[in-house]
Every structure is written in structure tokens, then in C-alpha cells.
Amino acid sequence: MCAAGRRWGRRERALLWCVLVAAWEAAWGQLRYSVPEEMPKGSFVGDVAKDLGLELPALRDRGVRILDRGRTQYFALHGKTGHLVTAERIDREQLCRLVEKCVLRCEVIVEGEMKFFEIEVEITDINDNAPSFRESQKELRMSETTALGSRFPLAEAHDPDSGRNSLQSYELSGDEHFSLAVQAGPGGDQRPELVLAKALDREEAAFHELVLRASDGGEPARTGTARIRVAVLDANDNAPVFSQAEYTLRVPEDVPVGSTLVTVTATDADEGIYGHVKYSLKKATDLASEIFQLDAETGAITLLRSLDFEEGDSHELEVQAEDGGGLSDTAKVAITVTDVNDNAPELTVSSSLSAISEDAPPGTVVALLHVQDRDSGANGEVRCSLDGGVPFRLRSSQGSYYSVVTARELDREEVAEYNVTVRAADGGSPALWSSAVLALRVLDVNDNAPVFAEARYSARLPENNAAGALVLTVRAADADWGQNARVRYRLLEGRVRGAPLSSYVSVQAETGALYALRSFDYEEVREVGLWVRAEDGGAPALSSNVSVRLVIVDENDNAPQVLYPPPAPAPGAGWAGVELAPRSAEPGALVAKVVAVDADAGQNAWLSYELAKATDSTATVRVFVLDRNDNAPRVLWPAAGAGVVPRSAEAGYLVAKVVAVDADAGRNAWLSYELVQAPEPALFRVGLHSGEVRTARAVSERDAAKQRLVAVVKDHGQPALSATATLHVVLAESLQEALPELSERAAGADSPAELQFYLVLALALLSALFLLSVALAVLARVRRAGPPAVLRCLGAQRFSVAGAAFPADFCEGTLPYSYNLCVAPGRAVAEGAWLPPPPPKNFISTLYHRNKNILPRGRNNTTTGGVSFLSGRHRPFLADSFTLSN
């Protein structure tokens, strides 16, 4: 019982060891199964899903499949059960004729996880082949004088099965003169020999019929037979003898078909028929019989078909030489096939992704590659590489597998699709290679916010616009793709004059078109500032904002409103007012000032006054003339100046100041200065607005002594006008040192052209003085005689004493000019007469005390007065004074 217990303990330990080994192999991604040969298609091999821990629904979701590296797919994975089954009938003798242990390998590819597991399936032998002889009938010739105990080699039987199913024993039957002896060969094989047990007598029996039977160890056992006929001959003294007991040769696998590899030679000392030797293959495998051919007469071994190192790297033949008397000798021929680089690497894409997200981290596996080369040695060493310029790299995996992984983060906006070329080259000379192309599409991730076409938008919208009018269109583009690039627009919340912004404008979500929802009034809203947001369709969505400025443009939709004189009491009678003018008033005396305002802006609010009806004929109208940029800047200094700069001057030293004026006004008179020509551009600079020429750096000894600087003066008109000024600068420490340079410049300046200019200028001045003297004399004579009536409007007092008043928002760049308007008396009377009622004596004072807003001003408060009416938010435009003329 104790012994039985110890045996049971050993069995348990062995079983536990097997379980641990299987678990270790499964953990390292390798499964092993065994299946008998000749099983029908669909036979169970192993439960892959259970052994790998895969759930049955995951087999379809993860893309699990079987990949067989052979030329024929022998195994398949059952999708519903997860079982490994046979895909074809497997013949062990056909697959592994030269291998004792027949193992087929395949891989399980899990595409969803980019993993693989190796599977080894051992094909076990069944007794499906009986022993067979190459020749079913064999004839031996023996001399009747052959000594007892002589041995004659017999042909061996061949059984492609393995183990106990292979050849196990021989039996001889048929004649008492012979017996059978079996010798063990060097490789453990059995070699039958015919032994002469009883002396032969040709006269008694010329032929002996024997049967050689070979049996294997299967259950039931299979047998094969060969008939042996022994012919008894007269005496044959000598047997053939080979020149070598063993022939050894090395043959490259690319030897042409039909080539003679070796010639075996055997000699026989007999003469005649007993000395004639014939050659035959005594022993050869089925593969060797298909490849090699032996010439029976010459002993030459030739090639029947191409050698293949990968199919078999060595072959062994046993050649027999037999003479006419039945005596023979054997020799061994060992042929070693050397490898030639005739197989390119086989590169197989086991699993690959067709698309990858652009935010995949570096090291993400995109493809599994398997590479193998059927050659050996250096010819079978394979190196894999990727074409340059792609963000991927190769990583060696288990066995002959490689993984293609990302080397860095991808950017779909930079490259949307990759064609990755993988090359596999062997170490032969010349090297053979193969390649595979992986097409990989980069999936978009919402990593780009919309970008507006402009940094900011502005538009001008006339007031009194129609509701729903298109204002402008904002546009934003998104570098992403698909839904992530779909841009929608919306307004950010805001308020205009206390009302929601959405009640004034709206934006079309798809196109970005901005519409006005109501009619704008410039007098109420002059500008609207808003923000538009562009948002893409990603999750989460990205957005960007842009500012939009709407400027309401004024239109002349408001008539002027007269503030003084006040409107007449009767409806439709216009305005009425009473002013006092003494009969002794001189021409140009101020009678009254009409005050009016306009709610519009700009030119729409500029008011002009015209005397539509009057009993007399003279009025003064003040007209404001807008400036136009019709005067170029005029340089006052330097005309042709020269300056001295000491060589010890530091940076910022004042050299000169360019002085220029512009007869225009406003922006048209704004001047800017720029240095356009200098021998040393880095030595001098000019102030943009001051015109000061200063040194930009310290003066060095390398600088030229004479410097000619040209500065341009430009105004800010449209278009801009300009003038140039030339300044000659001498670099010297003292005036004495600069005198030669200045005198040389003065001598060169007195040219004939300049002298002619000065002469013309002097003549013009003299002519002008003469004309001025004549004009003064004529005016003096006319003044003593008294002015005629038609020239009274040219009197000295052309303007109102009260002066002119300008609107507070009058734009800069305008200068007031005064013009006299003379109206013929006949025309004024023809249009009608205006006879004001006689005012009371204290009219002026009463009018002043009743309305404090009427302010009298002028030379004489009792006769004339200019009033300015200021009330509310209006800024009145003061009309020029009316002047009476006798």
C-alpha cells in the first residue's frame, strides 16, 4: 500500500508539473495541441478561447482569427465555439517525410488588441501505410560453388509511418537452402541479408523461389512482400569492388537539371559475363528517387529535377554493383545540398489598422508583421526597415514578428493619410527583398478652433435702413474635418440703449450673415459694438470670438429748426421777429442773427442762410470753405545750408532743424519728416514730427568728411504732397578745419543757373513794387472822391462786430472766409416788402428782461444786437449778420 501511495504521489506530481508547464506556455502566448493525422475536415484540435481566456462574444468584437504560415491553411477557428478545428485532411507522411516529429505552427491574431499567440499542433502518426519494397521481384545469381554462410544483401522495405507503426521485422519463406539474417544499420535501421544455409547444385535445381515479408508494429499489423528468384550459375570467382566505400559531395541547390553530380565506379577481376558490372540503387528515399537518376551501365548519378535546400538539405543513396554471376558490392553516396540565396523574404501583414486617431499616444501599434526567409545562414537573416519621412517606427516582437508603432503624435491637418512602406531584406549577396504597403488614414480629433478670416469686422450702415437688411457676413474656417469642421455662428449677449442686442441685429447660424432687425436712427444710435462667436461641431466644441463694429451713417432726414426768431403765432406763417435798426446805421451794421439747428451730423448739419424776401437789397453771408490738399509743403530752411559737426560728437548731437510750412489746414497741414538719402544711413536720423537732424551714433574717424543729406517733408493729405530739403554736413573739430570744405562748396554753388535765378527774382520784385505804388495812388484818389453806391458793399466793415460763432463739433481743417452778397434793389422790391411794426421805446430792454437767453452783443446795444440762443442739447449754428445798406 505504501508503494502504491508513493506511485500515486509521483503521478500527481507529474500531472501538476504538466499543468504548470501548460499554464506557463499559455502565459507566454504559446499553446500546444496534438491531433492524429488523416482526421476529417472540421475535427476538434483544441479549445483556444478557453485556453486564452477569451469570451465568446469577444471573438467577433476583437477580430480574432487564425493565421497559418504554410502554403495550405490546415486549421481554422470556429467563431461560435472558439475551438481550433482542422481545415483540411492532414497527411503526416506528406508533410514531414524527413522529420521524426511532425509539428505544424500557426498564430492566433487578436486584431482589436494587436496581440498574437503561437500555436503548435503535433501531428501524431497512425498506421495508414504498409511496408513496401522498391522492387516487388528481385533476381539473384549465385554460383553453385558459393560457400555456405555467404551473405547477400537484400533490398530494404520502406514504411513512411513512424514509431511502432514503422517497419519492425522481416520474414523469409520458400526454400530450405536459404535463411534470413537482419543486421542493424548505423542509424538503427534493419538491413535484411540472404544467408546460404545449404550448398547449391545447379544440376539439382537451377532456380530457387523465395518470399521476403516485411511487417510493421501497428494494430493490426500491415505487411509488404517481395519475391526473390535465385538463379544458380557456374563458378564466379570475383565479386565487383567499388573504388570508394562512400562518396561524399556538396552540391549547390541551383545546379541545372540534367547535370552529372558524381560517377561511381566498381571493377570486377573476372572476364566475360562475370566481369560485366551493372549499377542499381539499392536504397533511396522516395524524395531521392524523384531527384536523382543512376545510369546502370556507367554509374553516373544525374539530376532529374531542381534541388531545393529548404525541401531537403541532404540525401543519402546506397548504390549496388552486380556482375553477371550475381556477386555484388555496395557503396554509400552522401549528397549535401548547400543553400543559395534564391528565396526572397516573405513579409506578411498579420494584422493592421486602417485608421488611427490623430491623438493616439506615441507607441500605439498600427500593424503586426511576420517575416521569414526559407534560406539559411546569412541568406536567411532578415532586416526590416521603414521608408523615411513617416512618424512610425518598427519594434521587434516575439519571434519573427515586428510591430509598426507610432513614433510621435499625429496631426491630421498636416497629413491626412499615410502609405507606410515596410521593406524586408536578407543578408545574401546580392540581397533579396520584399515590401508591403500599409494604408493608414488619420481620424480627425477636434483640436482646432474656428479662425475668422479677419481679426475684426466693421461695416457702415445708413440710417433708416429696411428691417432685415444684410449688414455684412463674417466667415470662420476650421482646419478639422467632418463634423468637427462644421462652424455655426451666434451673437454674444449685449445691450444697446437698455434693450437686448438680439432685438437690433441677428446672425444666420450657418452662413454668418449679419442682419439688421430694425431701422436704425443716427440721432439715437450712432455705433453698435457686438461680438460674434463661431463654434464648431466637435465634442467638446471649440469656439472663437470676433468683434464687429457697426457705424450708423447719417442721412439728411432732419430739416433745420429755427430757434430765433421764434415761430409766428399763426400756423404756417413761418418765423417772425422784430429788430430795431437806426436810420443812421452804416453799411454792415448788425441788425439780427438767425439761430437754427439741425439734428443731423456732418455735412447734413451744415447750415447755409439765404435772404428769401427783403425790402432792401444787401445781405452778408458767411461761407465756410473746406480745405483741400492743394498746397505742397514749403521748406523754409535749409535753402542750401551747410552745418559743421565735430568728430567728437556723441549720439543725439543736434546737427540742424528742417523748417517747413504748409498753406493748407487740418490734417492736410500736418507734416512728417524722413531721411531718404545719406552716405552713412546709420550716422544720422531725423525726427518724424520735429524735423530735427541728429546723429544716430558717435562720429568715427572712418566717416567721410563731407556728408550730403536729403530729407523729404510730406503732409497727411489724400493724396500726400511732399518737398525735399538738402543739407550739407562737414565733419570737423573746428571752423578753421571746415573752412576749406565750405569754401569749396561755395565755389561750386555759384553756377550760371543760380545767378540767372537771382536776376529774374530781382526784376519781379521791382515790377511788383511799381504796380503796388500805382494801385495805392488810384485808391487814394477814389477815397477822396467818395465810393459809388455799387461799391458800398466793399466797405471796411465786412463782418459782424459780434464775430462768428462755429458749431462745437465743426470738423478741423476748415477756415472761415467772408463773402459779401449784393442784391439788386429792384429784385428785392419785386419779391415783396417787409414792413416791421413800430416797436415800443423800451422794446429792447423788455425783450432782454423777458428772455434771459437772448444776449445782446455788438458795437451799439441800442441799435444792433447779435443773439445766441442756447437751450437743451442743441448747439446752434449762428448765422452771419445781415447788413443794411442805404
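From a predicted model like this one, the values you see are computed outputs, not experimental measurements. Only this structure's heavy atoms are used, side chains among them; waters, hydrogens and symmetry mates stay out.
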Does T364 reach the main-chain N or O of T406 with its side chain, forming a donor-acceptor pair under 3.5 Å?
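No; judged by distance alone, with no hydrogens or angles, the pair does not exist.
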
Side chain E253, main chain V340, donor-acceptor under 3.5 Å:
yes

Could you list the residues that satisfy side-chain hydrogen bond (donor to acceptor under 3.5 Å, both in side chains) with [X], not counting sequence neighbours?
X	value
E193	R151
N343	E310, D375
S397	S403
N379	D339

Atom pair [atom1]/[atom2] of [X] and [Y] - distance to nearest 0.5 Å:
X	Y	atom1	atom2	answer
E297	L294	CD	CG	10.5 Å
D128	E93	CG	CD	4.5 Å
D91	N129	CG	CG	7.0 Å
S354	L440	OG	CG	8.0 Å
T86	F44	OG1	CZ	11.5 Å
T223	D159	OG1	CG	10.5 Å

Side chains of [X] and [Y], heavy atoms from C-beta outward: is any pair under 4.5 Å?
X	Y	answer
D308	R374	yes
Y401	E107	yes
V365	R395	yes
L200	F178	yes
L317	L281	yes
V371	Y402	yes
I123	V35	yes
V277	D329	no

Taking NZ, NE, NH1 and NH2 as the nitrogens, is one of them in K332 or E316 under 4.0 Å from a carboxylate oxygen of the other?
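Between E316 and K332 there is a salt bridge, with a charged N closer than 4.0 Å to a carboxylate O.
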
So which heavy atom on [X] is nearest to which on [Y], and how close?
X	Y	value
S429	N341	N-ND2, 4.2 Å
I126	P36	CG2-CB, 4.1 Å
W433	A344	O-CB, 4.2 Å
C102	L95	SG-CB, 4.4 Å

Please set out all donor-acceptor pairs under 3.5 angstrom arising from side-chain atoms of residues 209-220, sequence neighbours excluded.
| from | atom 1 | to | atom 2 | distance (Å) |
| --- | --- | --- | --- | --- |
| E209 | OE2 | R229 | NE | 3.3 |
| D216 | OD1 | G218 | N | 3.4 |
| D216 | OD1 | R222 | N | 2.7 |
| D216 | OD2 | N127 | ND2 | 3.4 |

Set out, in order, the CA-CA distance, both residues' side-chain angles and the distance that settles side-chain contact (heavy atoms from CB on, under 4.5 Å) for T336 and V251, then state yes or no.
CA-CA 6 Å; T336 302; V251 181; over 6 Å; no

Donor-acceptor pairs under 3.5 angstrom involving side-chain atoms of residues 318-327: please list them, not counting sequence neighbours.
| from | atom 1 | to | atom 2 | distance (Å) |
| --- | --- | --- | --- | --- |
| D323 | OD1 | N236 | ND2 | 3.2 |
| D323 | OD1 | G325 | N | 3.1 |
| D323 | OD1 | G326 | N | 3.0 |
| D323 | OD1 | L327 | N | 2.8 |
| D323 | OD2 | N236 | ND2 | 2.9 |

In sequence, state the C-alpha distance, the side-chain angles, and the governing distance for E311 and R305, and then conclude on salt bridge (Lys or Arg N to Asp or Glu O under 4.0 Å).
CA-CA 13 Å; E311 186 179 16; R305 66 175 179 87; 3.4 Å; yes

Test side-chain contact (heavy atoms from CB on, under 4.5 Å) on Y33 and I119 and set out the steps.
CA-CA 8 Å; Y33 303 106; I119 298 178; 3.8 Å; yes

Please enumerate all residues that pass ring-ring contact (aromatic ring centres under 6.0 Å, His included) together with Y418, with sequence neighbours excluded.
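Once residues adjacent in sequence are excluded, the partners of Y418 under the ring-ring contact (aromatic ring centres under 6.0 Å, His included) criterion are F392.
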
For the residue pair H208 and H177, categorise the inter-ring angle as parallel (less than 30°), tilted (30 to 60°) or perpendicular (more than 60°).
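H208 and H177: tilted rings.
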
Enumerate the side chain to side chain donor-acceptor pair (under 3.5 Å) contacts for residues 381-394, please, sequence neighbours excluded, ordered by first and then second residue.
D387-R423

Assess whether atom CZ of R164 is packed by more than 12 heavy atoms of other residues, nucleotides or ligands within 6.0 Å.
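12 or below, so no.
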
Polar side chain donor-acceptor pair, D268 to N238, under 3.5 angstrom
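Note: D268 and N238 side chains miss the donor-acceptor criterion.
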
Residue pair V230, D175: steps toward the side-chain contact (heavy atoms from CB on, under 4.5 Å) verdict:
CA-CA 10 Å; V230 179; D175 200 317; over 6 Å; no

Partners of V262 by side-chain contact (heavy atoms from CB on, under 4.5 Å), sequence neighbours excluded?
Y247, L249, I301, V333

Which residue pairs satisfy the ring pair (Phe, Tyr, Trp, His ring centres under 6.0 Å) criterion with at least one member in residues 277-303, sequence neighbours excluded?
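Sorted result for residues 277-303: F292-H315.
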
Name of the residue among E37, K101, E38 meeting side chain to side chain contact (heavy atoms under 4.5 Å, CB included) with D125:
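Single side chain to side chain contact (heavy atoms under 4.5 Å, CB included) partner of D125 among E37, K101, E38: E37.
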
List the steps, then state whether side-chain contact (heavy atoms from CB on, under 4.5 Å) holds for I291 with L304.
CA-CA 5 Å; I291 298 175; L304 287 177; 5.8 Å; no

Set of residues satisfying salt bridge (Lys or Arg N to Asp or Glu O under 4.0 Å) with respect to R191, sequence neighbours excluded
E156, D189

All disulfide (SG to SG under 2.5 Å) counterparts of C384, not counting sequence neighbours
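Checked C384 against disulfide (SG to SG under 2.5 Å); zero matches.
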
